[in-house]
Amino acid sequence: MSGPGDAFRPAYMTGLALCLGLPTLAALLLLTGAIPAGNQPLEGLVQQVGYQFTGLVFLAAAIVFGRPARAFQRVAELSVEERPAAVRRECLLVAAFLQVGVLCGLAYWAMVGLHVPRHAWGFLLTTPMLYVALVPRPARWAKASEG
């Protein structure tokens, strides 16, 4: 039996795979030493850069948080055949916005990884958590596309 969100499930899962896959790849880079841990002390300019990275992650989350209402309206205006592809594009766009956390985590690791590795790992973990928390589930996409 198929549910109301079955046509939209692949779109959601594609975005989720991206938001799980890239942080996992980044974690492997950190664990294998491919990106060496930085030795900068967590003070002054380095700390300010960390605050900027946190702000960038919050900005990406705010952008993602504000997208569903407009996206639902655009999807409802499309033909039935075009809707799953539009949702896929939206989910991939959102996943791309959230990858800023991965980039910030890698950069922070390269700066202060020896002193505060938990901060770099925190950036990596925000990407999948924000995707799951902020992207509407397939059933919600289906309901919105009905009008």
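- In this structure the side chain of M111 reaches within 4.5 angstrom of the side chain of F53, judged on heavy atoms.
- To the nearest 0.5 Å, atoms CG (L20) and CE (M129) are separated by 11.5 Å.
- Residues L106 and F123 do not share a hydrophobic cluster, defined by chaining ILVMFWY side chains whose heavy atoms lie under 4.5 Å apart.
- Under a hydrophobic clustering in which Ile, Leu, Val, Met, Phe, Trp and Tyr are joined whenever their side-chain heavy atoms come within less than 4.5 Å, directly or via other members, F65 and L98 fall into the same cluster.
- A144 and A76 get closest at one heavy-atom pair: O-CB, 3.6 Å.
- Here the two rings, on Y131 and F97, have centers that are 6.0 Å apart or farther.
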Apply side-chain contact (heavy atoms from CB on, under 4.5 Å) to residues C91 and V135 and explain how you reach the verdict. CA-CA 7 Å; C91 289; V135 175; 4.2 Å; yes
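- Judged as a side chain to side chain contact (heavy atoms under 4.5 Å, CB included), and not counting sequence neighbours, A69 has no contacts.
- Remark: R83 pairs with F8, V75, L78, V80, S145 by the side chain to side chain contact (heavy atoms under 4.5 Å, CB included) rule, at least two apart or across chains.
- In this structure, the side chain of W109 does not engage the main chain of L30 through any donor-acceptor pair within 3.5 Å.
- Q99 has its side chain out of reach of L103: every pair of non-hydrogen atoms, C-beta onward, lies at least 4.5 Å apart.
- One hydrophobic cluster holds both V49 and V57 under the rule that ILVMFWY side chains link at heavy-atom gaps under 4.5 Å.
- Y12 and P136 make their closest contact through CD1-O, 3.6 Å (heavy atoms, listed as atom of the first residue, atom of the second, distance).
- L93 and M13 end up in the same hydrophobic cluster when Ile, Leu, Val, Met, Phe, Trp and Tyr side chains are linked at under 4.5 Å.
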Take L125 and R118 through the test side-chain contact (heavy atoms from CB on, under 4.5 Å) and record every step on the way to the result. CA-CA 10 Å; L125 292 174; R118 69 184 179 278; over 6 Å; no
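- Side-chain contact between W121 and T126 is absent, with no heavy-atom pair separated by less than 4.5 Å.
- Here the shortest heavy-atom pairing between A71 and W141 reads CB-CH2, 3.8 Å.
- Put simply, the side chain of V132 reaches to within 4.5 Å of the side chain of L16, judged on heavy atoms.
- Residues L56 and V102 fall into different hydrophobic clusters, defined by Ile, Leu, Val, Met, Phe, Trp and Tyr side chains chained together at heavy-atom separations under 4.5 Å.
- Proximity of T14 to L92: side-chain heavy atoms (C-beta onward) are separated by under 4.5 Å at one or more points.
- The CD atom of Q47 sits 9.0 Å away from the NE2 atom of H119 when rounded to the nearest 0.5 Å.
- Annotation: the span from Q48 atom CD to E43 atom CD amounts to 12.0 Å, rounded to 0.5 Å.
- Between T32 and L29, the shortest heavy-atom contact is OG1-O, 3.4 Å.
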Yes or no on side-chain contact (heavy atoms from CB on, under 4.5 Å) for Q40 and H115, after CA distance, side-chain angles and deciding distance? CA-CA 8 Å; Q40 299 285 331; H115 294 290; 5.7 Å; no
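- We find the CG-CD1 distance between L134 and I63 to be 12.0 Å, quoted to the nearest 0.5 Å.
- By the 4.5 Å heavy-atom criterion applied to side chains, P128 and P23 are counted as neighbours.
- Between atom CZ of residue R9 and atom CZ of residue R137 there is a gap of 11.0 Å, rounded to the nearest 0.5 Å.
- With rounding to the nearest 0.5 Å, the separation of OG1 in T54 from CG in L59 is 12.5 Å.
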